[in-house]
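Below is one structure, written out as structure tokens, with a few remarks after it.
Atoms considered below: every heavy atom in the structure, side chains included; atoms not considered: hydrogens, waters and symmetry mates. In listed order, ligands and their atoms are each counted from 1. Counting from 1, the numbers follow the sequence of the chain as shown. From a predicted model like this one, the values you see are computed outputs, not experimental measurements.
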Amino acid sequence: MILDKIIRQKRLTIEKEKMKMPLHRIFSILEEGRQPLDFKRVLKNKSGLSIIAEVKRASPSRGVIREDFNPLDIARIYHQNKVEAISVLTEEDFFQGSSQYLSQIRRGTDIPLLRKDFIIEPYQIYQSKALGADAILLITAVLSIEELILFQRSAKEIGLQCLVEVHNQKELEVALEADAEIIGINNRDLKTFETDLETTADLMKKMPKGKIIVSESGIHTREDMKYLESLGVDGVLIGESLMRADSIGDKIRELRGVGD
Ligand SMILES: O=C(O)c1ccccc1NCC(=O)[C@H](O)[C@H](O)COP(=O)(O)O
């Protein structure tokens, strides 16, 4: 399965990164560091759906999504169009992302940034903060419950928030047991790559009150937005449909229903 391949490669990448930037050097950067922005607050405090707009050049399911790709320009367009947060894909081998994109976008914008990567070691949590993230993605499918609890705790200690991703009922139960506050329901089946918003509909029925919910993947139209809003989710994470748009600003307005 693709996820296993990604994780195998990730382990090698992390070893190289640790050699280039050992943890004690990351800690010294963190000592002078900034206070992270409140990702949770921007998701919660809004009538209508909050948009987390993703900077995503390529993916395993689609190959290259956007040829004309300048991450900072894209982030600035997102910011000008008042999305609530930006997700930056930093994984290099399968998504053509980069850690540099995150630090560049941090320097060029002041809205909450989610580091979108495959976090499997505590090292990456400290690295995410040093790169300028305000929140990190934790994927339940690749972590044990013990890791999920520990990683959330470590993130919290340094002021980072966690978006805990689930795709089915079993993963949701793990996320709830680990006391996740912000839960991302990924509509993409990582075995078939198919997206189906009914994944969000199904898991919303099992969601206890008080959680902040983000629906992720496969969101393309105003109709999709209206449907997800009717299900009671707080936010959406959108990559491909923004990346493929000729005018990103027009696409954001269309998704929000501006002028309807
Ligand atoms: O996008 C993929 O093909 C993919 C494959 C394997 C693991 C994760 C993958 N995507 C990560 C994401 O969660 C999406 O980038 C994000 O939810 C935005 O999705 P979309 O709007 O469909 O680009």
field: E165 N/O to ligand 1 N/O under 3.5 Å
entry: no
field: Atoms in ligand 1 flagged as close to N186, the criterion being non-hydrogen separation under 4.0 Å
entry: 13 (O)
message: I need the atoms of ligand 1 closer than 4.0 Å to a non-hydrogen atom of E240, numbered in the order shown.
response: 20 (P), 21 (O), 23 (O)
- prompt: Considering only the protein, which heavy-atom contact is closest to atom 11 (C) of ligand 1, and what is its distance?
  reply: K116 NZ, 3.4 Å
query: Salt bridge between K116 and E54, side-chain N to carboxylate O under 4.0 Å?
result: yes
statement: A student comparing E216, E54, R244 should find that the heavy atom closest to atom 18 (C) of ligand 1 comes from E54
message: Strictly distance-based, threshold 3.5 Å: is any side-chain N or O of R188 a donor or acceptor partner for the main-chain N or O of L190?
response: no
query: Near G218, which atoms of ligand 1 are under 4.0 Å from a heavy atom of that residue?
result: 20 (P), 21 (O), 22 (O)
- prompt: Counting each atom of ligand 1 from 1 as listed, which ones have a heavy atom of F193 under 4.0 Å away?
  reply: 5 (C)
- request: List the closest protein heavy-atom neighbour of atom 17 (O) of ligand 1: residue, atom name, distance to the nearest 0.1 Å.
  value: S217 OG, 2.7 Å
task: For the residue pair Q161 and D38, confirm or rule out a side-chain donor-acceptor distance under 3.5 Å.
output: yes
- prompt: Is it true that K251 and D246 make a salt bridge, defined as a side-chain N closer than 4.0 Å to a carboxylate O?
  reply: no
query: Would E240 and K56 pass as an ion pair if we require N to O under 4.0 Å?
result: no
query: Does the pair R34/D134 count as a salt bridge with the N-to-O cut at 4.0 Å?
result: yes
query: Do F94 and F118 have ring centres separated by under 6.0 Å?
result: no
message: Using a 4.0 Å cutoff against the non-hydrogen atoms of G239, which atoms of ligand 1 qualify?
response: 18 (C), 20 (P), 21 (O), 23 (O)
query: Under a heavy-atom criterion of less than 4.0 Å, does I238 contact ligand 1?
result: yes
query: Where is the nearest protein heavy atom to atom 9 (C) of ligand 1: which residue, which atom, and how far?
result: F95 CZ, 3.5 Å
task: Check whether the side chains of N186 and S217 place a donor and an acceptor atom closer than 3.5 Å, and report yes or no.
output: yes
- prompt: Do E181 and K211 sit within salt-bridge range, that is, some charged N less than 4.0 Å from a carboxylate O?
  reply: no
- request: Looking only at protein heavy atoms, identify the closest one to atom 10 (N) of ligand 1 and say how far it is in Å.
  value: R188 NH1, 3.5 Å
query: Tell me, which protein residue and heavy-atom name are nearest atom 7 (C) of ligand 1, and how many Å apart are they?
result: L190 CD2, 3.5 Å
statement: Counting heavy atoms under 4.0 Å, the part of K56 that contacts ligand 1 is side chain
message: Whether K191 and D189 form a salt bridge (side-chain N of Lys/Arg under 4.0 Å from carboxylate O of Asp/Glu) is what I want to check.
response: no
message: Check E223 with K226, please: is the shortest side-chain N to carboxylate O separation under 4.0 Å?
response: yes
field: contact_flag L237 ligand 1 heavy-atom lt 4.0 Å
entry: yes
field: Residue, atom name and distance, where the atom is the protein heavy atom closest to atom 3 (O) of ligand 1
entry: S61 OG, 2.6 Å
query: Can you find a non-hydrogen atom of F94 under 4.0 Å from ligand 1?
result: no
